[in-house]
Structure formats: structure tokens, C-alpha cells
Amino acid sequence: MQHFLSVHDATNIDTLVNEGLQLKKSPFAHKHLGENKTIGLLFFNQSLRTRLSTQRAAQNLGMNTMVMTVGQDSWGLELEEGVIMDGGNAEHVKEAAAVMGKYCDILAVRAFAGLQDREKDYAELVMTQFKKYAGVPIVNLESATRHPLQSLADCITIEEYKTTARPKVVLTWAPHFKSLPQAVANSFCEWMTRRDVEFVVTHPEGYELNPDYLNNAKVVYNQDEAFAGADFIYAKNWSSYEQYGKVLTKDPSWMITQQKMDLTNKGKFMHCLPVRRNVKVTDEVIDGPQSIVVEQAGNRLWSAQAVLKQILETL
Ligand SMILES: NCCC[C@H](NC(=O)CCC(=O)O)C(=O)O
Ligand SMILES: NC(=O)OP(=O)(O)O
């Protein structure tokens, strides 16, 4: 694997999932693979899981790690081409990415959607610019439209917890008072529609995802109907794609409650975290026996390690 920006960079999802499961059993089996190699992690946004799991994954492979919060530890980065740089950003990504590419063998970048300008967000400027100018493999740590390391961890988790050959997996919108990106939901659709699962997406009207990412997934507007017989409930909030970045409703009836979980086939509750308790999901559900959110987050380590291993093998 050269870069890891989306599902399209994964030549075989099964291989990656199995690689992750294998690494979970023997984390240090490839501890020399990354010897004398360095990964740089760049954050334009906050993170707990991605920041720590990716560092740990790199360390398990023997790599050195450097972490930087862009604009806080570093200069603010200008991303647009041809602009007069008389604003707040002191450095252009052209130089910055190229320079970081001299210090690092792999660069991993997190840059969320701004949710103001749909065209700009969906053009994935940050990832595109880093890929163009860094001269080293780029890993997506959640971009404007995707979070593939999360989705791979989700695939690994479903593989571990499924009790039938072809489980029913439901992606459900859940309420939030803030405007959140579509990245996690988009990515989950991209990966799930390529897995051997019965995949259903449920959300209120107006929250339709970009069809390019939805990838013909079945959409059911009635949440109870979607939950019936589900083996996995994957909750996430996202803001509207059509009325870009808008919070159209905070309808609390979409919150995941035990009553709703009881409609499922003893379904497991998943969420990428961080999650707002008693806004998106009740304490009862997230603290209850059906919740696997901590195990899911734990698998972020094996997802990152599987991807870094495949990239290192090509260096
Ligand atoms: N990386 C996992 C999710 C990150 C981000 N969530 C957030 O920003 C939550 C913020 C809050 O709840 O205040 C998102 O939805 O894409
Ligand atoms: N799920 C996830 O990406 O978490 P962080 O935002 O904490 O990295």
C-alpha cells in the first residue's frame, strides 16, 4: 500500500482485517519492520484515540514517532494555491509538507471538514496537498469526508463480534446540538457496502449522505424499522449534506435507548467516540452489556498497525 486515504487504497479489505486480527494476537511480531523509520502525525483538530493508537501502532512496529498540532506547535498553514499570504497563516503547505517529508518516512494527517463550503470540503484540499507535496506516503487520520482507520477498526470489531455469517449492520443518525462532519458516516458506508453484511442506514429526512459515499446502501427513514433484528447498531451524528453543515433537527426521539436496543437481535452498540452521553445514547445503553465501544476503540490500534505495516512493506 502506498497511501491510505480511503477504502480505494485498500487492495483487499479481508486481508487488512485479518492482518489487524493477527497483529492483535502478536503485536510485536514485526518489531523490526519500522526500525530507523519515522512517522510524523499532524493534527489540525483534537484527538484522543487516533493520536494515541497510531503512535502506539507505529511503536509496535519499531518506528519513531513525532506529533505536531498544526497552528499551535507549528506555524499556521496556508493550503490554497496562488494566494497573497497576508493573513494569519505564516507558511504554505507546499514548503511545509515538502520539509516534513524530509524528516519523516510516513506522514499522517487529521483535518476535519470546515462545514462552511461543501465543494471545498469534498475537494479534500488538505489530503490532496500533502499527497502532492510531501513526497512520502500519507495516512488519513480523519479528513473532511472520510475516516478510513476508524472504518477498518469497525470492520475488525464486527468480524470479532458477529455471531452469524452475514450480520445485519445499522448505521443510525443520533442527535447532537453541534454541527458535526459526515466523515465517519461516509467512510462507514464506503467500507460496509464492500463487506458481506446486510447494511442499512437510518436518519431523519434531510440527512441524506453524499450518494458517492453512500454507495447504494439501503436507507430506511423509520429508525425502529431499521433496528428490527439488527446485530450491530452503529450510532453517529452528522450535519446535513444537502443543507450543508446545518443542524436540521435535534429530535431526542432519535437518541439510542434500551427500548430501541430491545428491537434488535441482542445487537451490539458501537460508536467511534467521543460520544455525548444522554444526548446521542443513554447511560443505560453505553454502560450496558450490549455496548462494545471500548473494545471498538481498542481495535483502532490494530487497524493503524495493519495499515502502517502494509505501507512499511513497500518502503
Ligand atoms: N474522530 C471521531 C469523531 C470526531 C468528530 N466528533 C466531534 O467533533 C465531536 C465533538 C463534540 O461532541 O463536541 C466527528 O464527528 O467527526
Ligand atoms: N474515533 C476517533 O477518531 O477518536 P479521536 O477523535 O479521539 O481520535
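Heavy-atom basis, side chains included; hydrogens, waters and symmetry copies ignored. Ligands are counted one by one from 1 in listed order, and the atoms in each one are counted from 1 as well.
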* Asked: Does Ala183 come within less than 4.0 angstrom of ligand 1, counting non-hydrogen atoms of the residue?
  -> no
* Structure fact -> Looking only at protein heavy atoms, what sits closest to atom 13 (O) of ligand 1 is Arg276 NH2, 2.5 Å
* Asked: In the protein, which heavy atom is nearest to atom 2 (C) of ligand 2, and how far is it?
  -> Arg300 NH1, 3.3 Å
* Ion pair Glu190/Arg194, N-O distance below 4.0 Å -> no
* **atom 9 (C) of ligand 1: nearest protein contact (heavy atom, Å)** => Leu180 CD2, 3.9 Å
* Structure fact -> Quick look: His176 vs ligand 1, heavy-atom contacts under 4.0 Å, and the answer is side chain
* To do: Go through the side-chain N and O atoms of Thr145 and Glu124 and say whether any donor and acceptor fall under 3.5 Å apart.
  => yes
* **Criterion side-chain hydrogen bond (donor to acceptor under 3.5 Å, both in side chains) on Tyr122 and Gln182, from CA distance to verdict** => CA-CA 10 Å; Tyr122 276 75; Gln182 292 113 31; 2.7 Å; yes
* Quick check: does Glu142 get an N/O under 3.5 Å from an N/O on ligand 1? -> yes
* Asked: To the nearest 0.1 Å, how far is atom 6 (O) of ligand 2 from its closest protein heavy atom, and which atom is that?
  -> Arg110 NH1, 2.8 Å
* Under 4.0 Å from ligand 1, counting heavy atoms only, is it the side chain of Gln150, its backbone, both or neither? -> neither
* Close-contact set for ligand 1 against His147 heavy atoms, below 4.0 Å -> 1 (N)
* To do: Please indicate whether any nitrogen or oxygen in Phe112 is less than 3.5 Å from any nitrogen or oxygen in ligand 2.
  => no
* **Ligand-side contact atoms (ligand 2) for residue partner Leu273, heavy atom cut-off under 4.0 Å** => 1 (N), 2 (C), 4 (O)
* Asked: Is a side-chain donor-acceptor pair under 3.5 Å present for His3 with Lys131?
  -> no
* At a non-hydrogen distance cut-off of under 4.0 Å, which region of Arg110 contacts ligand 1 (side chain, backbone, both, or neither)? -> side chain
* To do: Mark the output for Asn45 as yes if a heavy-atom distance to ligand 1 is under 4.0 Å, and as no if none is.
  => no
* Just going by heavy-atom distances, which of His147, Gln296, His271 is nearest to atom 3 (O) of ligand 2? -> His147
* Indicate, with yes or no, if Leu152 and Leu61 share a hydrophobic cluster defined by side-chain heavy-atom contacts under 4.5 Å among Ile, Leu, Val, Met, Phe, Trp and Tyr. => yes
* Asked: So, is Gln46 polar-close to ligand 2, with some N/O to N/O distance under 3.5 Å?
  -> no
* Asked: Out of curiosity, does Val200 fall in the hydrophobic cluster containing Met261 (side-chain heavy atoms, cut-off under 4.5 Å, transitive links)?
  -> yes
* **Where ligand 1 meets Leu273 - atom numbers and elements under 4.0 angstrom, heavy-atom basis** => 2 (C)
* Distance from atom 4 (O) of ligand 2 to nearest protein heavy atom, with residue and atom -> Arg49 NE, 2.8 Å
* Candidate pair Glu142 and Arg49, rule salt bridge (Lys or Arg N to Asp or Glu O under 4.0 Å), full reasoning -> CA-CA 11 Å; Glu142 187 172 339; Arg49 280 143 291 273; over 6 Å; no
* Asked: What part of Thr50, side chain from CB on, backbone N/CA/C/O, both or neither, has a heavy atom under 4.0 Å from ligand 1?
  -> neither
* Short N or O distance, Glu142 and ligand 2, threshold 3.5 Å exclusive -> no
* Below 3.5 angstrom, do we get any N/O pair linking Pro274 and ligand 2? -> no
* Asked: Looking just at side-chain N and O atoms, do Gln150 and Asp154 make a donor-acceptor pair shorter than 3.5 Å?
  -> yes
* Should Lys218 and Glu198 count as an ion pair when the cut-off is N to O under 4.0 Å? -> no
* Asked: Will you find, in the side chains of Thr282 and Gln258, an N or O donor that is under 3.5 Å from an N or O acceptor?
  -> no
* To do: From atom 1 (N) of ligand 2, work out which of Cys272, Ala297, Ala153 has a heavy atom at the shortest distance.
  => Cys272
* Asked: Quick one: do the Glu81 and Gln129 side chains pair a donor with an acceptor below 3.5 Å?
  -> yes
* Angle class for the Tyr241/Tyr244 ring planes (parallel below 30°, perpendicular above 60°, tilted otherwise)? -> perpendicular
* Asked: How close does the nearest protein non-hydrogen atom get to atom 10 (C) of ligand 1, and which residue and atom is it?
  -> Lys178 NZ, 3.8 Å
* Starting from atom 7 (O) of ligand 2, which protein heavy atom do you reach first, and at what distance in Å? -> Leu48 N, 2.7 Å
* **Side-chain donor or acceptor of Ser179 paired with backbone N/O of Gly245 under 3.5 Å** => yes
* Taking heavy atoms and a distance under 4.0 Å, where does Leu141 meet ligand 2: side chain, backbone, both or neither? -> neither
* side-chain hydrogen bond (donor to acceptor under 3.5 Å, both in side chains) between Lys178 and Asn237, intermediate numbers included -> CA-CA 9 Å; Lys178 276 169 68 176; Asn237 171 271; over 6 Å; no
* Aromatic contact, Phe199 with Tyr234 (centres under 6.0 Å) -> no
* **Any Phe112 heavy atom less than 4.0 Å from ligand 1** => yes
* Out of curiosity, does Val126 fall in the hydrophobic cluster containing Leu115 (side-chain heavy atoms, cut-off under 4.5 Å, transitive links)? -> no
* Is the shortest N/O to N/O distance between Arg51 and ligand 2 below 3.5 Å? -> no
* Judged by non-hydrogen atoms, does Lys236 sit under 4.0 Å from ligand 1? -> yes
